[in-house]
Amino acid sequence: MHRTGRSVILALVSAGALIGCGGNDTSSATMSTSSQSKQQQRSDKNFQSDYATALQELYISYYGRPADPAGLAYWEGVLLADNAPTDIQSLNAAYSTNAAVKAVVDSFGNSAESQALYGTGDPTAFITAVYNNVLGRTPDPGGLIYWVGLIVNHTMTQAQAALAIIAAAAAEPSTSSDEQLVANRLAVAGYFTYQVANQNALNAYSGNIANATIRDLLDGVTATSDAIAYQLIVNRAIDALEFHTLAANVSNLTAEGLVLTDGTDTIAVPANATSIAFPTRLHTGASYNVSIVSQPLGFTDACALSNSSGTMGNANISNVVVSCHPAMAVLTTLAGGGAPCRGSYGDGVGTAASFCDPRGMVVDVSGNVYVADGSNNLIRKITSAGLVTTLAGSGRIGSTNGTGAAASFWYPSGVAMDMSGNVYVADLGNNLIRKITFAGVVTTLAGSGSSGSADGTGTAASFNWPEGVAVDNSGNVYVADSSNNLIRKITSAGVVTTLAGSGSSGSADGIGTAASFNRPEGVAVDNSGNVYVADAGNRLIRKITSAGVVTTLAGGNGTAPAASILYPVALAVDALGNIYVADLYYASIRKVTSAGVVTTLATYIDRPMGVAVDNSGNIYVAAEQDNLIQKISPQ
C-alpha cells in the first residue's frame, strides 16, 4: 500500500517536536571502557558492520528513519563489547537473557525521540506506528489486539513487542511484499547513513527538521520502489539538509569581488554583482575564506550576506554570515497551537485551536480557509481573523454521509471549492470524493469505497488513494489519484473519466493515456482550465490542457534548491497563473511562473503538506509537523 510523506491513514501518532537524534542519546546506557575500545577498533569501517542491519531495523521501527552515523557507531560498540548476536531474530531471542541486548532495545523504546513521536502509555498508537514504520501499513485488527494485549498484561514491554514485530517481518519469505518492503527500506536507510558520513554531512543530520525530513523520505519507500534509483533522492535530500546558514572568516580583502571557498566548492562574485549563484552544496559548519569588495553587494533569492562589525569595505571585519536559504518571506501563524497532537482537536481563535496533521487547503472569496484535518478526520474552517470551527466530520473514522458532525471521514487529504461555495474532499482512507454544501451537508460524489481505477458514474467509479482535488470554473472536479498514477475528472453529475495517465509509473509527456505520472499528490486548475499536477515521485510539476495534453513545466534535473523541486505534494494557482508548490523534502514553499521559472518564497517549514492562495496574494501553508496553519503576506 502506498503512503506519502508520512504514515497516512490511521497515523494515530504525531511527530511533534523531536528531541535530538535518538540514537545519539546515550544517557540511557553507559558505555564500558571495553565497548569504547572495541568501537574505536571498528571506527574505520563503513557502516556495513555485522550489526548495521539489525541496528537500522531498530532505528526504522522506533523512529521511522535511518540511523545517524554517530548513533550507529555507538550502539555497534555496545553490542560488540558483549558479543551480542548480530541478526534481529537472535537479538529478539536474547532480549530476556542478555542484559546488554535488553539495555540497547529498551534505550530505543525509552528515548526522548521515541516518546516525542509516540507519547507514553498508549500501546495502540505505538504498535500502529511500528507497523507503519516497518511494513508501511496499519496492523490487522487481530494483530493489533494481540500485541496490545501482551503489553497491557505486562507479558512484554513496548520495546520487546516492537523487536518481535521486526523479527517476524525480517523472517517473511523473500517473495512476500512485507519482506520486500523491509528490504527496500533497509537498503535506502543503509545508503543514506553511509552517504551522510561519506559526504561529511554529520552536522546536517541532526535536530527536528532533519529527522522529520528523512523520516518522510524513508516513508515514501514501498515494496515496489527501486532502491538503486532511490539513491538520487537520498543524495538530494542530503543536499537539502546541508543548505543552511554558514559562518565565514574574512581574509584576502581585494577590490575584485567576493570569493568564498572551503577547499572543495568555490564561489567567485564580480565586484558589481547583485546575486550569488551557489554550487550544489555548501558544507554546514565549514570554515570559508572570504574576500570582500570595498562596497556592499546586494543579494537576491538564494542567499543574503551580513557582517557582525565594521563595514563591507573594512578589512577589520571579523565575521561574515552567509545565509544560504531564502529569507524573503515571513510566516505568521493564522491558527493552531503548534503542539503535538494526540488524536484530539479544539475549535477556537488562533493558537487556542488545534489540528492533527493538517493537509490540503483552499480559500474562498471572503478569505476563509478550509483545511483537511487529516488525523482528526475533520474538515475545518478558519476565518480571516483566525476563528477555527468544524465544518464537517465527527472526528471518528467512517464514511457516513450527513450534516456536520453526523458525517464522517477517514484521513481527508485534499480540499477544493467550486464557484457556489461547495467544498470537495479527497477522502483518502475511504477512496471516495465527498461533497460538502455551504450548510455542511456531506454526500459522496464518486467512488465505490474500494480501491480500483474504474471509470463510471458515482459509486460505479473507483479510486486508489486520492490525495488532491481541484475544481474548474465549470464545476468539474480533478483528482490526483496517487496510487493509480492517474489524473481523474469528475463532472458535477458524478461522471468519472481519466483525464491523463497510463496507470503505470513513469514521466512520459503525451496526450491522455500516453502520458505517465509517478505518485501524483496534488492538483490545481487555472482560470483557463489548465490542470497542474504535483508529480511527487518524479519531482516534477506537470501541466495538462483541457484536451489532455501533458507537458512538464518545472522540476527534475536542477542542481540546486533554487533550480529544482524535490518532492512536491500540494499546489495552488493565483489569478496571474503563478503556481505555488508545497515542496516537502526542501521544507519550502516554491513559486513557479507560467514560463516554468522556479523561486523559493519561504523555507524551514516543518513538513508543508498544503498550500493555498487568496485573491489578495496571501499564501496559506499547512505545516503538518507543527500542526499549524501559517500565512505569508504579499509583502
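No experiment lies behind these values; they were computed from the predicted model shown.
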To the closest 0.5 Å, what do you measure between [atom1] ([X]) and [atom2] ([Y])?
| X | Y | atom1 | atom2 | value |
| --- | --- | --- | --- | --- |
| D614 | D364 | CG | CG | 9.5 Å |
| S462 | N431 | OG | CG | 8.0 Å |
| D373 | M361 | CG | CE | 11.0 Å |
| R434 | T444 | CZ | OG1 | 4.5 Å |
| K381 | T383 | NZ | OG1 | 8.0 Å |
| I544 | S546 | CD1 | OG | 11.0 Å |

Sub-4.5 Å side-chain heavy-atom contact between [X] and [Y]:
| X | Y | result |
| --- | --- | --- |
| D481 | P520 | no |
| I541 | I565 | yes |
| D427 | P466 | no |
| Y620 | V371 | no |
| V362 | V369 | no |

Closest approach of [X] and [Y], non-hydrogen atoms and distance?
| X | Y | value |
| --- | --- | --- |
| L218 | G64 | CD2-O, 3.9 Å |
| G449 | L432 | N-CD2, 3.4 Å |
| P568 | L540 | CG-O, 3.7 Å |
| L181 | A223 | CD1-N, 3.6 Å |
| A493 | T457 | O-CG2, 4.1 Å |
| P608 | I589 | CB-CD1, 4.2 Å |

Could you check whether any side-chain N or O of [X] sits under 3.5 Å from a backbone N or O of [Y], counting only pairs where one atom can act as donor and the other as acceptor?
| X | Y | result |
| --- | --- | --- |
| D535 | N518 | yes |
| N377 | Y411 | yes |
| D583 | S588 | no |
| S474 | N476 | no |
| S448 | S450 | yes |
| T459 | G447 | no |
| T138 | T128 | no |
| N430 | G398 | yes |
| S516 | A508 | yes |
| N484 | L486 | no |

| request: Would you sort out whether D626 and R607 count as a salt bridge (Lys or Arg N to Asp or Glu O under 4.0 Å), showing the intermediate values? | output: CA-CA 8 Å; D626 288 331; R607 296 211 295 205; over 6 Å; no

Say whether [X] and [Y], considering side chains only, have a donor N or O and an acceptor N or O under 3.5 Å apart.
| X | Y | answer |
| --- | --- | --- |
| T437 | N422 | no |
| E521 | S482 | no |
| R519 | N538 | no |
| R359 | S413 | yes |
| D347 | T390 | yes |
| T224 | T222 | yes |
| R396 | S408 | no |
| D418 | Y424 | yes |
| N464 | S451 | no |

Q | Audit row: V592, V581, side chain to side chain contact (heavy atoms under 4.5 Å, CB included) steps and yes/no | A | CA-CA 8 Å; V592 183; V581 182; 3.9 Å; yes

CA sep, side-chain torsions, deciding dist, call: V523, L571, side chain to side chain contact (heavy atoms under 4.5 Å, CB included) | CA-CA 6 Å; V523 285; L571 303 176; 5.9 Å; no

_Apply side chain to side chain contact (heavy atoms under 4.5 Å, CB included) to residues V188 and L186 and explain how you reach the verdict._
CA-CA 6 Å; V188 171; L186 278 172; over 6 Å; no

| field | Distance under 6.0 Å and angle within 45° of ring axis: R542 vs F517 | value |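 Satisfied, under 6.0 Å and within 45°.
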
Go through V611 and I619 one step at a time and tell me if the side chain to side chain contact (heavy atoms under 4.5 Å, CB included) criterion holds. CA-CA 7 Å; V611 62; I619 301 165; 3.8 Å; yes

